[in-house]
Number of protein chains: 2
Amino acid sequence: MAFSFTEENYIKAIYKLGEMHHDAISTNDIAAKLATRAATVTDMLKRLSDKKLITYQRYHGVKLTEKGRKTALAVIRKHRLWEVFLVEKLKFRWDEVHDIAEQLEHIHSDELIRKLDQFLGKPKFDPHGDPIPDEKGVMRLSSSTRLSDANKKGRYILTGVIDHSTLFLRYLSDLKLKLGDELEVQAINEYDQSYKVMINKKHPEFLSKQVVTNILVQAIK
Amino acid sequence: MAFSFTEENYIKAIYKLGEMHHDAISTNDIAAKLATRAATVTDMLKRLSDKKLITYQRYHGVKLTEKGRKTALAVIRKHRLWEVFLVEKLKFRWDEVHDIAEQLEHIHSDELIRKLDQFLGKPKFDPHGDPIPDEKGVMRLSSSTRLSDANKKGRYILTGVIDHSTLFLRYLSDLKLKLGDELEVQAINEYDQSYKVMINKKHPEFLSKQVVTNILVQAIK
DNA sequence: ATATTTTTTTAGGCTAATCTAAATTTTAAA
DNA sequence: TTTAAAATTTAGATTAGCCTAAAAAAATAT
Ligand SMILES: [Mn+2]
Ligand SMILES: [Mn+2]
Ligand SMILES: [Mn+2]
Ligand SMILES: [Mn+2]
């Protein structure tokens, strides 16, 4: 019932790929996500199948079993709780925590996570606005949309990001933009889909199409 | 410059064995400490020697190099800081933290440890009274002695333990005895070297020879 | 419907870390 | 000082996780 570092990473990758497609996941997609080779993935899929974490049919991709889904969500829960710890308690910036959490998410101790969750005040979201699954593996789905999908003037709250790269997160920080801040869309450029927004009723900024497709918001009222 | 989980455990084991003997460490001692086989140890010693962490002569044991000593102390520093975190912040008991710290000590991030140290208020001792090496790998040596070595009536402060087993630590907790508490030795039994002590001026207890050799104290005045 | 391209699997090999059994060296005993 | 015992190393295998190259299957284009 305890899996290796590597096995957990495969399960997490398969879960995340399944969040988008939701049909069976291909060997090549997993290889791309984990920066490894298709042959290596095939080897591992056999092992994960033996352990009943996935259902696997040669040449036809994989799906997580219920056991696999639970395992993935437990790892994601740990990752996100540790990220909260790193930002809230140790004062890391939100663009610095992912790689450390990639290591911490593989520490095995249910009691540790129970107590960490308690210590952090049972947070519901991580520093990037991603929801934290509960002990049972239940994760409420986000009611946020990409700002590019809102596609309408008005006021919004920044609730999350799609792109988690350091470069993007730093860019947002440089704009003095953080989770919970207000974005008022004042104009949308029809030619290139760039947005003119007012941040926290203070400073106006231009956000490119690429930027507005990578931030999640909720409309105010 | 970053070593594997396994390599770090070997280096730590060699360091700890060196703390007692301080002549060259034998293959068999390392095998015993790590619950592995002598042949396995020999294999690893060659690898550690290649990496300049130890000096190794066939059939004549090993010693840590300066690089090896630094590596060991860095791992010990991480272990002890995490133990402080688990007890002080997450409210684990002192007998519950070792196994979790065994995992956490292998997380690689200098910045994480710097910030954790800061967060904990730069503690000098772990929950078992063991000193925490600083960033440079400097660890002040304990001025404490085993209560059995004091061997004299009088008042003492409990400053640490030799045996770190759950069983022993639980036993001390059951006696309402924790670090910093006062022990007044009222009588020493000449026959079996058991001690009659008063704990915190409140309740008298009998401590066996095995117990008094496993606790560290400092005499008061 | 057949040929070409893409995807996936198999075959065979590598390294780190482990093991058991056998050989060798050192140490201790007679 | 020879011999027996103990410690250590070598030899040979195993497993997890990874790789490249070749074969096979599936998807796509003609
Ligand atoms: Mn992350
Ligand atoms: Mn995150
Ligand atoms: Mn410990
Ligand atoms: Mn300790």
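Reminder, nothing fancy here: chain letters follow the sequence lines and each chain counts from 1.
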Enquirer: Would you say Thr36(A) reaches dC19(D)'s phosphate, i.e. side-chain N/O to OP1/OP2 under 4.0 Å?
Expert: yes
Enquirer: Between P on dT8(D) and CE on Met44(B), what's the gap in Å once rounded to a whole number?
Expert: 17 Å
Enquirer: Does the structure place the NZ or CZ of Lys89(B) under 6.0 Å from the centre of the six-membered ring of Phe85(A), at an angle of no more than 45° from the ring's axis?
Expert: no
Enquirer: How long is the line joining CZ of Arg37(B) and P of dT10(D), in whole Å?
Expert: 19 Å
Enquirer: Just the rounded figure in Å: distance from P of dA16(C) to CG of Asn9(B).
Expert: 18 Å
Enquirer: When every nucleotide of nucleotides 5-14 of chain C is labelled 5' to 3' by its protein contacts under 4.0 Å (heavy atoms), B for base, S for sugar-phosphate only, - for none, what sequence of letters results?
Expert: --SBBB----
Enquirer: Hey, are His79(A) and Asp126(A) close enough side-chain-wise for a donor-acceptor pair under 3.5 Å?
Expert: no
Enquirer: Whole angstroms only, please: what is the CG-C1' distance between Leu48(B) and dT9(D)?
Expert: 16 Å
Enquirer: Could you pull out all residues at least two apart from Lys51(A) that satisfy salt bridge (charged side-chain N to carboxylate O under 4.0 Å, His left out)?
Expert: Glu7(A)
Enquirer: So does Ser4(B) get a side-chain nitrogen or oxygen closer than 4.0 Å to the phosphate oxygens (OP1/OP2) of dA17(C)?
Expert: yes
Enquirer: Figure out the CG/P separation between Leu34(A) and dA16(D), and round it to whole Å.
Expert: 19 Å
Enquirer: Scan side-chain atoms only and decide if Gln193(A) and Ser148(A) contain a donor-acceptor pair under the 3.5 Å cut-off.
Expert: no
